[in-house]
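To start, the structure under review is shown below, and the notes come after it.
Keep in mind that the numbers below use all heavy atoms, side chains included, and drop hydrogens, waters and symmetry copies. Proteins get letters first, then strands, A, B, ... in listed order; numbering begins at 1 in each.
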Number of protein chains: 2
Amino acid sequence: MSALAELMAYQRETEALAQVAGRLGWDQETVMPRGAAEQRSAEMAAMEGVLHARRTDPRIGDWLAAATPETEVEAANLREIARSYARNTKVPARLAAELARVTSLAQGRWAEARAAEDVPAFLPVLEEVVALRREEAEALADGRPLYDALLDDYEPGATEAEIAALFDRMRPRLVALRDRVLGADYAPPALAGTFPRDAQLALSRDLALAFQYDLDIGRIDLAVHPFSSGSGRDVRITTRVAEDDPFNCFYSTIHEVGHATYEQGVDPAHLLTPIGRGASMGVHESQSRIYENQLGRGRAFTGWLFQRMGAAFGGLGIDDADAFYGAVNRVRPGYIRTEADEIQYNLHVMLRFDLERDLIAGRLEASDLEEAWNTRFKADFGVAVDKPSNGLLQDVHWSVGLFGYFPTYSLGNVYAGCLFDALKRDLPDWEDGLTRGDASACTGWLRERLQRHGALRGPRETIEAACGAAPKEAPLLDYLDAKFTEIYRL
Amino acid sequence: MSALAELMAYQRETEALAQVAGRLGWDQETVMPRGAAEQRSAEMAAMEGVLHARRTDPRIGDWLAAATPETEVEAANLREIARSYARNTKVPARLAAELARVTSLAQGRWAEARAAEDVPAFLPVLEEVVALRREEAEALADGRPLYDALLDDYEPGATEAEIAALFDRMRPRLVALRDRVLGADYAPPALAGTFPRDAQLALSRDLALAFQYDLDIGRIDLAVHPFSSGSGRDVRITTRVAEDDPFNCFYSTIHEVGHATYEQGVDPAHLLTPIGRGASMGVHESQSRIYENQLGRGRAFTGWLFQRMGAAFGGLGIDDADAFYGAVNRVRPGYIRTEADEIQYNLHVMLRFDLERDLIAGRLEASDLEEAWNTRFKADFGVAVDKPSNGLLQDVHWSVGLFGYFPTYSLGNVYAGCLFDALKRDLPDWEDGLTRGDASACTGWLRERLQRHGALRGPRETIEAACGAAPKEAPLLDYLDAKFTEIYRL
């Protein structure tokens, strides 16, 4: 066997084991018996140990040195393997183990602190997490800013400077639009009625099918926090049900279907290879967001949803499909990122981006973080944070060491804006199917232009290849301006 | 760290990975999307590769040579590790891989052949499986009969000669009893009524709880073939529902609860160690069988079940609890082992034992197996096999290479007979709780005497320690004589 063939055979086993480890996470959040948690953490640690040993095996270095790719696909796989090998061998094993231990502990502390509204109980362990991630970033940075080294895990090639400049360009237009909308004379109606759990889940399943989620290689379960899990031929999603808020269930489902349809849509030839998955967190979020927002919260699809919800639940307290379109897209002040509308969502991300890069740069101490959060929130949103669970403690990310992850949410929105423009250009009749609850034409376009390629290209190149132009923020901002000007009759 | 401590830390990780691999099997039979099968087989193979490499790691040999146990528990763990290491290193890697490949293929061929009633389509691959298992047995036998080497995987220390002698002693009494019962003037009534699926599942759950199955560290799902999966703090069972046959669901559940309660009952101090699981297949089956038969099909518990089923389903077509007791224990001619009553079940096992030891010894060729099966079945059961799915193709075992497994079912019955005698001696009021659907006293006794020790002792020693005497067949045969003489008014 050639070095390339040996490396790919080895890698295929590693990818298979990574799928097993990922499914263990799915199991934990959906079906695991409550009393199994401690045993499970030993199982998870053993799997992580196996994967870490495989990913740092010196034979990978030898194979990489000897392998000569002959195709674009081979070159892309080698690029991904080299990136993973460099990342994993640069971080000392002791540090990797300590990070695993402390973040596992910190996640529990965060959940307790959040339930008790007790920031001081969380800060000591957060301080440890920040210190360890800074140490890790130093091992990885090679002279770059530390934050850039962390970004690489989620959005390879992105830089703090470029994201900061992007956000600086986006902020004024988003704030101006938000302020116009909140000052508008018109306000869309709110949903009213009763929304039984089983009927929500049945409609939620239909929504998943409408967006071409394939239940033959997927399944839908309930979990506290919705997520998508797995690559290739076994890609599962979860959703949640609040009986007073069916939009939560429906749009969580569509969002996760975006992630899952991407994974399901990757060319099966790439199965269990390094490029057989989404290109980055930002590109992944572009899929979840375009399904959820541009398509799922658009006028055409909400017209169909209005009929389906009326049939499922009887009265919705809303007169017609236009008013319903407004109800789906209501903009209101709010503390919580995950509940924010399309405009303000990005402002929540920018707040976190600025705070976390200060933490990683050492310009901000964990002990000063709550004050910094609250000051910034008041400045950005005009409201004082009333309790930590509505402020600093609302997101799990920092407790598990996810610094550099938040900006990928807004990158995803920007990418989705670009993709939506290109899709409308290529498919002038794009709304036709959506008015009948059929997104197959849109999914077909996304699959052909983007999803099937997996991680063949880097994130920016993936968007550029799909849209025919480099990603930029204008399409998203223009789309938001037009959409909310119409809905709020501005 | 001492050699012993290093070995145990290593082994704990291996045990954790084995739990992960086992849960992958659970997932496959319960929740896996249909289209995920091919990817799953790559995942399973990768996990098996990891486990095989760990179990044959030469460091185990070094640690074993250097380790000095100071307690009974340490000595037992070393015994189990040494047994596993010897077994796995004696079989060449090429043969192990070939066995995995061929049995995986053969299981599919068996399922197709069974559906098509086509024995010749199955025979070539069965021949391969037999040849490979013989080759494996030769690598393991060390001068013993080949069949004994295979028995070691399921019932360490058992021998073909000893089982053959046991079965020779049991057969005449079982045949005599079966013939008396089938010739009796009285026949118990059959169940009649409608038994909706959801009501069966609800009552099935209550039965599991009655026998002390702990849902905090377990769960119940549906599968085509009921099974129990996992050790320690995550032990799951499955059941099945046939709307015309609620006993199938209820007694499958109780049977699997016996297996699962055993695993859940092992002392948590043994968690993720080699002795932190059942002592053998035979001892495992003793638990599933005593729950299912001696307790679950006894007069006290069926009295309670009669009431519960009446409440759940309305009319059962049966007048009183005595007649119901008969209905639960009906003896009829039948082709299928898994549907057989307590008497004839063992005759089904003996047929398979004799045929499979002839196969392994080379006295019988796969090509002659169907004729041998049908001739023997006619001789033992007085009925001609009408189709292969009622004969040679009814069990999956041989297709996946399980030669030496069948006798453990009857060993389990023999062990259950011994345990039941000892339980009644120690707990004179053993029926009191059962009449109220509460098996906690019986489970408590089994847990204290047997379950909590896991594999601390070998199979025979486990039974001897629990009962105070070496296992023998008389208690089972006396119990069957008394029970069926009463029910059939002989």
State, to 0.1 Å, how close A:Pro33 and B:Leu215 come at their nearest heavy-atom pair, and which atoms those are.
->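 Smallest interatomic distance, heavy atoms only, reads CB-O, 4.2 Å.
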
Which atoms form the tightest heavy-atom contact between A:Val31 and B:Arg219, and what is the distance?
-> O-NH1, 2.9 Å

Of the backbone (N, CA, C, O) and the side chain (C-beta and beyond), which part of A:Leu271 lies under 4.5 Å from a heavy atom of chain B, both, or neither?
->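 Side chain only.
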
Applying side-chain contact (heavy atoms from CB on, under 4.5 Å), name anything that partners B:Glu98, two or more places apart in sequence or on another chain.
->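 B:Glu98 satisfies side-chain contact (heavy atoms from CB on, under 4.5 Å) with B:Arg101, B:Val102, B:Leu132 only.
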
Contact origin within B:Ser41 toward chain A - heavy atom pairs under 4.5 Å |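 Looking at B:Ser41, nothing touches chain A.
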
Contact part of B:Met32 toward chain A, heavy-atom cut-off under 4.5 Å: side chain, backbone, both or neither?
->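 Interface part for B:Met32: both.
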
Name the member of B:Gln19, B:Arg40, B:Met47, B:Arg23 that forms the most heavy-atom pairs with chain A at distances under 4.5 Å.
-> B:Arg23

Look at B:Asp27, B:Leu272, B:Val50 and state which one has the largest set of heavy-atom pairs under 4.5 Å with chain A.
-> B:Asp27

Residue list, ring-ring contact (aromatic ring centres under 6.0 Å, His included) with A:His284, at least two apart or on another chain =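 A:His284 satisfies ring-ring contact (aromatic ring centres under 6.0 Å, His included) with A:His259, A:Tyr262 only.
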
Most heavy-atom pairs under 4.5 angstrom with chain B, which of A:Gly218, A:Gly230, A:Gly232?
->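 Winner by heavy-atom pair count: A:Gly218.
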
How would you list, in number order, the residues of residues 7-18 of chain B that have a heavy atom less than 4.5 Å from chain A?
-> B:Arg12, B:Glu13, B:Ala16, B:Leu17

Residues 233-240 of chain B: residues contacting chain A (heavy atom under 4.5 Å, by number) | B:Arg233, B:Asp234, B:Arg236

Is the CD atom of A:Glu38 crowded by more than 12 outside heavy atoms at less than 6.0 Å?
-> no

